[in-house]
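Here the structure is laid out as structure tokens; the discussion comes afterwards.
Numbering of ligands and ligand atoms starts at 1, following listing order.
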Amino acid sequence: MKKFLSLVLSIVMILGLVACGQKAATTTASADGTATKLVMCTNAEFPPYEYKDGGKFMGIDVECAKLIGEKLGVEVEILDIAFDSLIPTVMSGKADFAMAGMTVTEDRKESVDFTHTYQKAVQAIVVPIDSTISSANSLEGKKIGVQTGTTGDIYCSGDFGDAAIERYSKIIDGFQAMKSGKIDAVVVDDQVASAIVEQDSTAFKILETAYAEEEYAIAVKKGNTDLLNKLNSVIDEIKSNGELQAIVSKYIK
Ligand code: ARG
């Protein structure tokens with residue numbers, strides 16, 4: 001009997017180890033196989049979508065992710081990494097999804113699957129308050145600051161050449177560089193531009209003309225239709241019942 005018990009025990013232990021070894025690096029599964037925790041990767045350098053306030057994650061995406069977690073009955077853990085690491089991290093399975101004011105692009109769609117979109121944005125051009133730059137055309141030959149790997153980076157390097165681009169891992173550093181005269185303009189998502197310029201309205205102005213229009217969505221690992229469908233149903237729900245707008249209105253007046 002003792003022998004039998006210890007055999008059963010070791011089988012249980014081995015099965016347990018196998019189960020642990022097989023599950024995704026991040027997703028914690030309960031006994032029935034449903035996830036109890038989802039890991040979201042983001043880059044918390046992007047107010048009002050994601051930023052840190054006294055060590056606490058805040059912002060539209062952070063609150064939406066929390067709401068998504070509540071509706072799916074799972075805990076959402078946040079992994080704060082560089083923007084250009086988000087897609088590789090989702091691809092490797094180290095995170096279940098990326099939510100970071102991330103624009104849907106054809107290129108990115110080759111690496112990840114995107115949910116339904118949840119916000120519209122435009123790439124804004126921000127210049128020093130006394131600048132003579134008045135449109136995208138007058139950016140020719142100027143130094144342009146962008147966040148590494150963002151659509152601002154991709155579009156500007158394409159349009160104005162690599163030499164014109166100064167890349168920053170935090171866009172706030174681009175604004176600092178512009179303040180000290182090192183660069184002539186910053187190209188960044190409009191709502192982020194507004195949030196930063198609001199804090200420094202005597203130093204910068206946002207040009208009237210938008211540079212590009214885009215839409216944000218959540219990225220999941222290619223082929224993870226289970227999670228994609230779940231996220232889509234929550235996005236649809238919070239878009240139509242006003243919960244998303246309620247969160248947005250807390251951050252964007
Ligand atoms: N929307 C732009 C993009 O997808 C910028 C996003 C930057 N997000 C961030 N959390 N830093 O490239």
**Report entry** Output field: ring centroids Phe175/Phe204 closer than 6.0 Å
**Finding:** yes

Query raised in the report: Are Tyr49 and Tyr216 close enough that their ring centres sit under 6.0 Å apart?
Result: yes

Is it true that atom [atom1] of [X] has more than 12 heavy atoms of other residues, nucleotides or ligands lying nearer than 6.0 Å?
X      : atom1 : answer
Lys205 : NZ    : yes
Lys170 : NZ    : no
Lys222 : NZ    : yes

**Report entry** Donor-acceptor contact below 3.5 Å, side chain Lys143 vs main chain Ala163
**Finding:** yes

Between ligand 1 and [X], is the shortest N or O to N or O distance under 3.5 Å?
X      : result
Phe46  : no
Gln123 : no
Thr42  : no
Ala100 : yes

Query raised in the report: What protein heavy atom sits nearest atom 6 (C) of ligand 1, and how far off is it?
Result: Gly101 O, 3.3 Å

Under 4.0 Å from a heavy atom of [X]: which atoms of ligand 1 are those, numbered in the order shown and with their elements?
X      : answer
Tyr216 : 1 (N)
Met102 : 4 (O)
Asp189 : 1 (N), 2 (C), 5 (C)

**Report entry** Residues Glu243, Asn241; criterion side-chain hydrogen bond (donor to acceptor under 3.5 Å, both in side chains); working and verdict
**Finding:** CA-CA 6 Å; Glu243 285 179 283; Asn241 72 4; 2.5 Å; yes

Query - Tyr49 heavy atom under 4.0 Å from ligand 1 - result: no

Requested in this report: Determine whether any heavy atom of Glu45 lies closer than 4.0 Å to an atom of ligand 1.
Outcome: no

**Report entry** Option of least heavy-atom distance to atom 4 (O) of ligand 1 (set: Lys170, Arg108, Gln191, Glu214)
**Finding:** Arg108

Query raised in the report: Taking atom types as modelled, is there a side-chain donor on Ser249 or Gln245 under 3.5 Å from an acceptor on the other?
Result: yes

